[in-house]
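See below for the structure under consideration.
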Amino acid sequence: MIPYGRQEISDADIEAVVAVLKSDYLTQGPRVPEFEQAVAGYCGAGYGVAVNSGTSALHVACLALGVGKGDLVWTSPITFVASANCARYCGADVDFVDIDSGTYNISVPALRKKLEQAAQSGRLPKVLIPVHFSGQSCDMVPIRELADQYGFSLIEDACHAVGGRYRDEKIGSCRYSDITVFSFHPVKIITTAEGGMALTNDAGLARKMDLYRTHGISRNPEEMTRVADGPWYYQQLELGYNYRMTELQAALGISQLTRLDEVVEKRHLLARRYDELLKDLPLTLPLQEETNYSAYHLYVIRLRLSEIARSRRQVFEALREAGIGVNLHYIPVYSQPFYSDSAVSSEDFTEAEAYYSEAITIPLYHHMRFSDQDLVVERLTSILA
Ligand SMILES: *Cc1c(COP(=O)(O)O)cnc(C)c1O
C-alpha cells in the first residue's frame with residue numbers, strides 16, 4: 001500500500017535520539033528549550049512552548065486565553081476533531097463557520113456574516129481557531145481585522161502548516177494571532193513521534209502555557225502567594241496537566257527541523273507533478289492563493305461527480321483495492337455524534353457538505369518516488385475512465 005503520508009527518519013535523527021538515551025536527561029533537560037528556541041527562531045515568533053501533542057498545544061492555548069464555561073469558541077468544520085475538542089476540554093461551547101469553496105479554509109465572508117448575527121444575539125466567540133487546511137494559511141489579514149472589530153482572540157491551528165508562509169512571513173510568526181499551534185505527529189511535515197508546540201509573541205501567554213503543561217506548578221518566588229518555606233518549596237497556582245515533551249522527542253525535532261525547508265520544497269515538487277499529471281481528469285485540484293506558500297501537508301482532489309460514472313465511495317474503494325492508501329480529510333466535525341448537541345443545520349454549511357461529498361486525499365510524502373506517484377495517477381485515471 002502506498003500510504004497517504006509517512007515520516008522520513010535520517011541517520012542524523014537516529015544519532016540525535018541515541019545521544020539523548022546516553023545522556024543524563026530523558027525529560028526536563030536542555031533539548032526541549034533548545035527545540036523551542038529553534039522553532040520560534042525559524043518562525044520569527046518570540047516564544048515556543050513544546051508539549052506532548054498538537055492537541056495538548058491547542059488545549060494549553062485555550063486555557064492561557066482564559067477559555068472556560070459559558071464561553072464560545074468557533075472553528076472550521078473541515079478539520080481534525082482536536083481543533084474543536086480543545087474548547088470542550090475547557091468547558092466552552094463550540095460552533096463552526098463554513099469553508100471557502102476554493103481553499104477549504106474558513107470562509108471570511110461566512111465569518112463576517114456569522115459575526116454580524118452573533119453581535120445582534122449577544123453570542124460572540126471568545127476565541128476563533130482558523131485552521132490552515134492542508135498547509136495553506138487562512139486569509140489572516142481580514143480575520144485579524146474582524147478579531148479587532150469584535151474583540152475575540154485568535155489561535156491559528158497550523159498543525160498542517162509548519163514550513164509554510166503567508167504574505168512572505170513564516171506561518172507561526174503570530175503576526176496576526178495570539179497563539180499558533182503546530183503538531184509533530186508522524187504524518188505531519190516534520191515529526192517528534194508525538195509532539196506539538198504553541199508559539200506566541202506574548203510573554204504572559206507563554207508563561208501561562210508553560211504552567212499549564214506542567215501541573216500549574218511554579219518554582220519562581222515572584223509568582224508565589226507567600227514567602228517560600230525553603231529551597232524545596234513550590235506552589236501549584238493553576239490546575240495544570242503533564243503535557244511535557246521528552247528530551248528524545250525534542251532531539252528528534254531539532255534534527256528534523258534542519259531539513260524542514262527541503263521537505264516542503266520536495267512536497268511542492270510532488271504537488272506540481274500531480275497538478276500537471278491530473279489536469280485533464282474530471283477533478284478539482286487544490287487551489288493555491290498567490291499570497292500563500294503552502295506546507296502541502298495534504299493533496300486533496302475533488303471528484304467532479306457529474307462527469308464520473310462512479311460514486312465517490314466506489315472510487316475510494318477501488319483506489320484502496322489498487323494499493324493506493326487514500327484517505328478523507330475530514331468528516332465535518334459538527335456531524336460527529338459527540339457534537340450532535342451543537343445547534344447546527346447542514347444548510348449553514350453548504351460548502352463543507354459539498355466538499356465532504358467529493359473529497360479524497362491522495363498520497364504525498366517527502367520521499368515519495370516519482371514512480372509511485374505515476375502509479376497513483378495511472379490507477380486513478382483508469383478508475384475514473
Ligand atoms: C494533527 C492535527 C491536530 C492534532 O495534532 P496531534 O499532534 O495529533 O495531537 C490538530 N489539528 C489539526 C488540524 C491536525 O491536523
Side-chain angles (χ1 to χ4, degrees), residues 51 53-100 104-133 138 143-144 146-159 177-181 183 196 198 205 208-209 212 216 238-241 243 330-353 355-356:
V51 287
S53 73
T55 304
S56 302
L58 285 164
H59 188 191
V60 295
C62 285
L63 289 168
L65 289 169
V67 173
K69 213 170 156 41
D71 290 328
L72 200 48
V73 173
W74 289 2
T75 189
S76 168
I78 300 298
T79 185
F80 186 54
V81 290
S83 313
N85 289 348
C86 57
R88 296 290 291 252
Y89 296 156
C90 303
D93 295 321
V94 175
D95 203 349
F96 303 93
V97 183
D98 204 7
I99 58 167
D100 179 83
Y104 320 139
N105 279 328
I106 220 161
S107 155
V108 174
L111 174 63
R112 187 172 285 121
K113 193 168 149 220
K114 197 174 171 87
L115 285 166
E116 282 164 9
Q117 290 165 353
Q120 280 175 359
S121 60
R123 276 293 272 161
L124 282 165
K126 185 180 183 91
V127 174
L128 175 74
I129 306 181
V131 180
H132 301 327
F133 183 82
C138 295
I143 291 174
R144 175 77 259 164
L146 289 169
D148 292 338
Q149 186 184 340
Y150 288 96
F152 55 86
S153 301
L154 285 173
I155 300 171
E156 295 174 69
D157 182 339
C159 286
S177 64
D178 299 279
I179 297 168
T180 301
V181 166
S183 165
L205 288 176
K208 280 187 189 162
M209 293 193 287
Y212 281 116
E238 302 284 353
L239 183 62
Y241 299 82
Y243 280 170
Y330 295 92
I331 305 158
V333 178
Y334 55 74
S335 70
Q336 295 293 348
F338 179 77
Y339 284 98
S340 59
D341 62 345
S342 314
V344 301
S345 109
S346 53
E347 284 157 38
D348 297 335
F349 299 100
T350 45
E351 294 302 338
E353 292 287 314
Y355 169 86
Y356 177 57

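With contacts defined as side-chain heavy-atom distances shorter than 4.5 Å, the pair M209/I179 qualifies. Counting heavy atoms from C-beta on, the side chains of R88 and Y339 come closer than 4.5 Å. Side-chain contact between L72 and L124 is absent, with no heavy atoms from C-beta onward closer than 4.5 Å. At least one side-chain heavy atom of L63 sits less than 4.5 Å from a side-chain heavy atom of Y241.
Summarising the geometry, atom CG belonging to D93 is positioned 12.5 Å from atom CH2 belonging to W74; distances are rounded to the nearest 0.5 Å. C90 SG to K69 NZ: the interatomic distance, rounded to the nearest 0.5 Å, is 12.5 Å. Between the CG atom of L58 and the OG atom of S83 there is a distance of 6.0 Å, given to the nearest 0.5 Å. Atom CZ in F349 sits 10.5 Å away from atom CD1 in I99 (nearest 0.5 Å). Taking CG of L128 as the reference point, atom CD1 of I106 lies at 4.5 Å (rounded to 0.5 Å). Rounding to the nearest 0.5 angstrom, the gap separating the OG1 atom in T79 from the CD1 atom in I331 is 12.5 Å.
Between the side chain of D98 and the main chain of E351, a donor-acceptor pair closer than 3.5 Å is present. Without hydrogens or angle criteria, D178 side chain to I155 main chain gives no donor-acceptor distance under 3.5 Å. Side chain of T75 to main chain of I129: a donor-acceptor pair is present (N/O by atom type, distance under 3.5 Å, no hydrogens or angles). Judged purely by atom type and a 3.5 angstrom limit, N105 uses its side chain to pair as donor or acceptor with the backbone of F133. Using modelled atom types, one side-chain atom of S107 and one backbone atom of A110 make a donor-acceptor pair closer than 3.5 Å.
Ion pairing between a basic and an acidic side chain is recognised when a charged N comes within 4.0 Å of a carboxylate O; K114 and D348 show no such pairing.
Among all heavy-atom pairs drawn from C138 and I143, the shortest one is CB-CD1, 3.9 Å. Nearest heavy-atom pair across Y150 and A119 is CE2-CB, 3.8 Å. When all heavy atoms are compared, the tightest approach of A352 to P332 is O-CG, 4.4 Å. Shortest non-hydrogen contact noted between L205 and A64 is CD2-O, 3.6 Å. Nearest heavy atoms, Y89 versus T55: OH-CG2, 3.7 Å. Of all heavy-atom pairs between A57 and V181, the closest is CB-CG1, 3.5 Å.
In this structure, a donor-acceptor pair under 3.5 Å is absent between the side chains of Y355 and D100.
The 12-atom threshold is not exceeded at CD of Q120, counting heavy atoms of other residues, nucleotides or ligands nearer than 6.0 Å.
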